[in-house]
Amino acid sequence: MKIQFENPDKVNGLMTLTVEEADFKENVEKTLKDYRKKANIPGFRPGMVPMGLIKRQFGASVKVDAINKVLGEEMYKYIRENNIQMLGEPLPAENQDPVDIEGEAPYVFKFDVAVAPEFKIELNGKNKIDYYNIEVDDKLIDNQVDMFASRNGHYDKVEEYDGEKRDMLYGDLKELDADGNAKEDGVVVEHAMMMPLYIKDEEQKKLFDGAKLGSVITFNPRKAYPDNDSEVSSLLKIDREKVKDMTSDFTYLVTEISRFVKADVNQELFDQVYGEGNVKSEEEFRGRIAEEIKKQLSVDSDYKFLLDVRKYCEEKVGQLTYPDAILKRVMLNNNKDKGMDFVEKNYEQSIKELTWHLIKEQLVAAQGIKVEESDVVEAAKGAARAQFAQYGMNNVPEEYLENYAKEMIKKGDNVQGLVDRSIDQKLIVALKNAVKLNEKSISLDDFNKLMEA
């Protein structure tokens with residue numbers, strides 16, 4: 001097979017492949033012989049079908065498959081051996097003449113190839129990039145202590161309702177008729193739970209002020225939650241479709257009042273959060289919390305650092321020239337259901353992401369970064385650890401995390417995302433050691449403002 005590659009402007013490539021009969025003949029004959037052995041055609045014993053009949057029935061499709069196979073193999077072999085940094089997949093050239101496969105070889109195929117622009121980016125100690133160290137102050141620690149105390153709190157029974165303390169009421173609901181009497185066959189709900197604090201209508205909410213055990217409050221559920229049919233449906237235990245016709249007042253006999261009480265900051269809380277005996281004083285508790293906050297915030301600092309590295313590199317590389325026409329065709333080919341409007345609308349952002357991808361490839365190669373299976377497992381463990389932490393589970397055994405991570409990978413849950421996360425983590429560590437860090441201390445509030453901007 002003869003292959004010619006033209007790339008005059010360095011980004012728009014044209015690959016011409018001339019396929020001779022010798023390139024596919026042997027494969028075609030072998031495949032047709034296999035067809036003959038397996039063919040089940042009425043009137044012929046297995047394996048005795050005339051080859052001429054086999055060729056008439058299957059010859060054309062087998063020939064096309066064989067040509068496509070050799071085209072793909074030789075094309076990618078050429079690209080690999082000649083170190084062509086191709087973007088996307090090759091596309092049939094727009095100036096491709098129709099190829100008559102039924103005629104005799106040779107056959108000439110042309111493909112448009114998008115080639116990555118040439119540039120070089122390198123980061124070392126001569127490059128100075130900002131790095132923000134987020135301060136762990138008492139306010140952050142206090143907030144976390146309060147969160148742990150709330151998460152491990154409990155409800156106490158009280159005698160009188162206090163809306164400021166988010167009390168929960170339990171009681172019996174009865175539907176009233178137009179005269180204010182219990183409605184015959186009306187809606188009745190026993191031990192219905194309510195939190196009057198979340199009633200939308202202020203007049204209806206005030207009806208519950210000062211409620212005590214045994215109090216009877218008359219209110220209108222539909223007025224109380226005018227824009228929330230689901231709330232009314234849940235409270236009255238009726239179908240949502242019936243809510244629009246429910247205009248009745250109800251009595252609510254208060255049978256129980258529960259008040260949420262945060263856990264005391266004592267040894268019991270320390271044990272609940274960090275395991276029995278691992279923390280023995282409030283000072284140790286706050287110190288442990290400070291360490292965890294610092295670790296969590298360092299992830300945010302690293303993320304900001306990577307964003308700043310990206311901006312620095314993009315400015316250093318400048319505007320790159322891309323084979324726009326080919327890339328838009330590639331993008332359209334990958335989004336056939338969305339059309340050219342989608343391509344035009346998103347092309348600029350896609351090029352921006354592609355530029356960063358190419359920059360990052362060079363940075364990763366320069367730092368000798370490789371991702372092993374163990375790195376992907378660690379990334380999965382980190383994701384699992386963060387997930388468990390959201391539910392207050394800070395002491396998940398390492399063995400459990402390991403098994404959870406391996407199951408996540410085995411199921412194929414976002415494996416590429418885990419690989420990308422591993423690459424980013426390793427790249428951040430490498431670049432923090434490679435460049436000159438312009439370290440700055442910053443409060444969390446100011447850091448968040450910086451990120452918003």
Next item on the list: Applying side-chain contact (heavy atoms from CB on, under 4.5 Å), run through D302 and K432 and close with a yes or a no.
Entry: CA-CA 9 Å; D302 285 349; K432 282 166 70 175; 3.1 Å; yes

Margin query: Show the nearest heavy-atom pair for residues I257 and E159, with the distance to one decimal.
Written below: CD1-O, 3.4 Å

Note to self: Please check if the number of heavy atoms outside Q319 that lie under 6.0 Å from its CD is greater than 12.
What the structure shows: no

Next item on the list: Please confirm whether the backbone N or O of K338 pairs with a side-chain atom of N335, one donor and one acceptor, at under 3.5 Å?
Entry: no

Next item on the list: Find out whether L169 and Y252 are in side-chain contact, i.e. whether some heavy atom of one side chain is under 4.5 Å from a heavy atom of the other.
Entry: yes

Next item on the list: Under the salt bridge (charged side-chain N to carboxylate O under 4.0 Å, His left out) rule, what do E378 and K381 come out as? Steps first, then yes or no, please.
Entry: CA-CA 5 Å; E378 281 302 314; K381 282 167 63 177; 3.1 Å; yes

Next item on the list: Taking all non-hydrogen atoms of both residues into account, name the closest pair between M246 and V187 and its distance.
Entry: CE-CG2, 3.9 Å

Margin query: I'd like to know if the side chain of D167 and the backbone of D162 have a donor-acceptor N/O pair within less than 3.5 Å.
Written below: yes

Item checked: Side chain N124, main chain K126, donor-acceptor under 3.5 Å -> yes

Notebook entry, point to check: Is the closest side-chain donor-acceptor distance between D300 and Q296 under 3.5 Å?
Noted result: no

Next item on the list: Could you tell me the separation between the OH atom of Y225 and the OG atom of S233, rounded to the nearest 0.5 Å?
Entry: 13.0 Å

Next item on the list: Check whether the side chains of Q85 and E361 place a donor and an acceptor atom closer than 3.5 Å, and report yes or no.
Entry: yes

Check: How far apart are the closest heavy atoms of I369 and A430, and which atoms are they?
Finding: CD1-CB, 4.3 Å

Next item on the list: Might you confirm whether atom CD of E348 has over 12 heavy atoms from other residues, nucleotides or ligands at distances under 6.0 Å?
Entry: no

Margin query: Working note: V115 + I84, criterion side-chain contact (heavy atoms from CB on, under 4.5 Å); need CA distance, chi angles, decisive distance, verdict.
Written below: CA-CA 7 Å; V115 181; I84 299 171; 4.1 Å; yes

Notebook entry, point to check: Any side-chain donor paired with an acceptor under 3.5 Å for E353 and Q349?
Noted result: yes

Next item on the list: Look up atom CD1 in I326 and atom CG in D112, then write down how far apart they are to the nearest 0.5 Å.
Entry: 4.5 Å

Note to self: Determine whether V435 and V309 satisfy the following criterion, side-chain contact (heavy atoms from CB on, under 4.5 Å), listing intermediate values before the conclusion.
What the structure shows: CA-CA 10 Å; V435 304; V309 166; over 6 Å; no

Notebook entry, point to check: Shortest non-hydrogen contact from G163 to L197?
Noted result: O-CD1, 3.6 Å

Check: Taking side chain as C-beta onward, heavy atoms only, is D229 less than 4.5 Å from R222?
Finding: yes

Checklist line | Min side-chain heavy-atom separation V265-F270 under 4.5 Å | finding: yes

Check: Is the number of heavy atoms from other residues, nucleotides or ligands under 6.0 Å of K205 NZ greater than 12?
Finding: yes

Next item on the list: State whether the number of non-hydrogen atoms from other residues, nucleotides or ligands found under 6.0 Å of F119 atom CZ is greater than 12.
Entry: yes

Checklist line | Heavy-atom closest contact (M75 atom, P90 atom, distance) | finding: SD-CG, 3.4 Å

Checklist line | Distance-only polar pair, side chains of D209 and Y161, donor-acceptor under 3.5 Å | finding: no

Notebook entry, point to check: Thinking salt bridges, do K110 and D97 make one under a 4.0 Å N-O criterion?
Noted result: no

Check: Crowded around F260 CZ? As in, over 12 foreign heavy atoms under 6.0 Å?
Finding: yes

Note to self: Please verify the inter-ring angle class for Y78 with F5; under 30° counts as parallel, over 60° as perpendicular, anything in between as tilted.
What the structure shows: tilted

Notebook entry, point to check: Step by step, would you call D249 with K223 a salt bridge (charged side-chain N to carboxylate O under 4.0 Å, His left out)?
Noted result: CA-CA 9 Å; D249 286 343; K223 291 180 181 177; 5.4 Å; no

Checklist line | Side-chain heavy atoms of E314 within contact of K352, under 4.5 Å | finding: yes

Note to self: To the closest 0.5 Å, what do you measure between CE (M86) and CZ (R80)?
What the structure shows: 10.5 Å

Notebook entry, point to check: To the nearest 0.5 Å, how far apart are CG in L213 and OG1 in T255?
Noted result: 8.0 Å

Check: Side chains of T16 and I3: closer than 4.5 Å at any heavy-atom pair?
Finding: no

Next item on the list: Determine yes or no for a side-chain-to-main-chain donor-acceptor pair under 3.5 angstrom, with N433 supplying the side chain and V429 the backbone.
Entry: yes

Check: Rounded to the nearest 0.5 Å, how far does CG of D65 lie from CZ of F24?
Finding: 12.5 Å

Notebook entry, point to check: Are R329 and E94 close enough for a salt bridge, meaning some N to O gap below 4.0 Å?
Noted result: yes

Check: Looking at E407 and K410, does any basic side-chain N land under 4.0 Å from a carboxylate oxygen?
Finding: yes

Note to self: Pairing donors with acceptors under 3.5 angstrom, does anything connect the side chains of E284 and Y274?
What the structure shows: no

Next item on the list: Look at K2 together with E74 and state whether they make a salt bridge at an N to O cut-off of under 4.0 Å.
Entry: no

Next item on the list: For T321 and P117, work out which heavy atoms get closest and say how close.
Entry: O-CB, 3.3 Å

Item checked: Salt-bridge contact K294-E291 (side-chain N to carboxylate O under 4.0 Å) -> no

Next item on the list: Output the distance between atom NZ (K139) and atom CG (L444), rounded to the nearest 0.5 Å.
Entry: 8.5 Å

Note to self: In the structure I gave you, are the side-chain heavy atoms of Y107 and L17 within less than 4.5 Å of one another anywhere?
What the structure shows: no

Check: With a 4.5 Å heavy-atom cut-off, do L87 and L358 have their side chains touching?
Finding: yes

Next item on the list: For the pair E452 and K449, find out whether any cationic side-chain nitrogen is under 4.0 Å from an anionic carboxylate oxygen.
Entry: no

Next item on the list: In plain terms, say whether E344 and K328 are close enough for a salt bridge, that is, a side-chain N and a carboxylate O under 4.0 Å apart.
Entry: yes

Margin query: Under a 4.0 Å threshold between the charged nitrogen and the carboxylate oxygen, would D130 count as salt-bridged to K304?
Written below: no

Check: Hey, does the side chain of N266 reach the backbone of E268 with a donor-acceptor pair shorter than 3.5 angstrom?
Finding: yes

Notebook entry, point to check: Does any N or O in the side chain of D23 come within less than 3.5 Å of the main-chain N or O of M1, such that one atom is a donor and the other an acceptor?
Noted result: yes

Next item on the list: Look only at the side chain of Q362 and the backbone of I121, and say whether a donor-acceptor pair between them is shorter than 3.5 Å.
Entry: yes

Next item on the list: Check for a donor-acceptor pair, side chain of D271 on one end and backbone N or O of G277 on the other, with a separation under 3.5 Å.
Entry: yes

Check: Is it true that atom CG of D245 has more than 12 heavy atoms of other residues, nucleotides or ligands lying nearer than 6.0 Å?
Finding: yes

Notebook entry, point to check: Is the shortest heavy-atom distance from the side chain of L140 to the side chain of L297 under 4.5 Å?
Noted result: yes

Margin query: Once side-chain contact (heavy atoms from CB on, under 4.5 Å) is applied, do any residues pair with K69, and if so which ones, sequence neighbours excluded?
Written below: N27, E73

Note to self: Surrounding CD of E203 (heavy atoms of other residues, nucleotides or ligands, distance under 6.0 Å), is the total greater than 12?
What the structure shows: no

Margin query: I'd like to know if the side chain of S234 reaches the main chain of S230, judged simply by a donor and an acceptor atom lying under 3.5 Å from each other, with no hydrogens or angles considered.
Written below: no

Margin query: With a 3.5 Å distance limit and no angle check, can you tell me whether E256 reaches the backbone of K157 through a side-chain donor-acceptor pair?
Written below: no

Checklist line | Passing option when D375 is tested against Q425, R421, K426, K370 for side chain to side chain contact (heavy atoms under 4.5 Å, CB included) | finding: K426

Note to self: Assess, by modelled atom type and distance only, whether the side chains of Y132 and D446 contain a donor and an acceptor separated by less than 3.5 Å.
What the structure shows: no

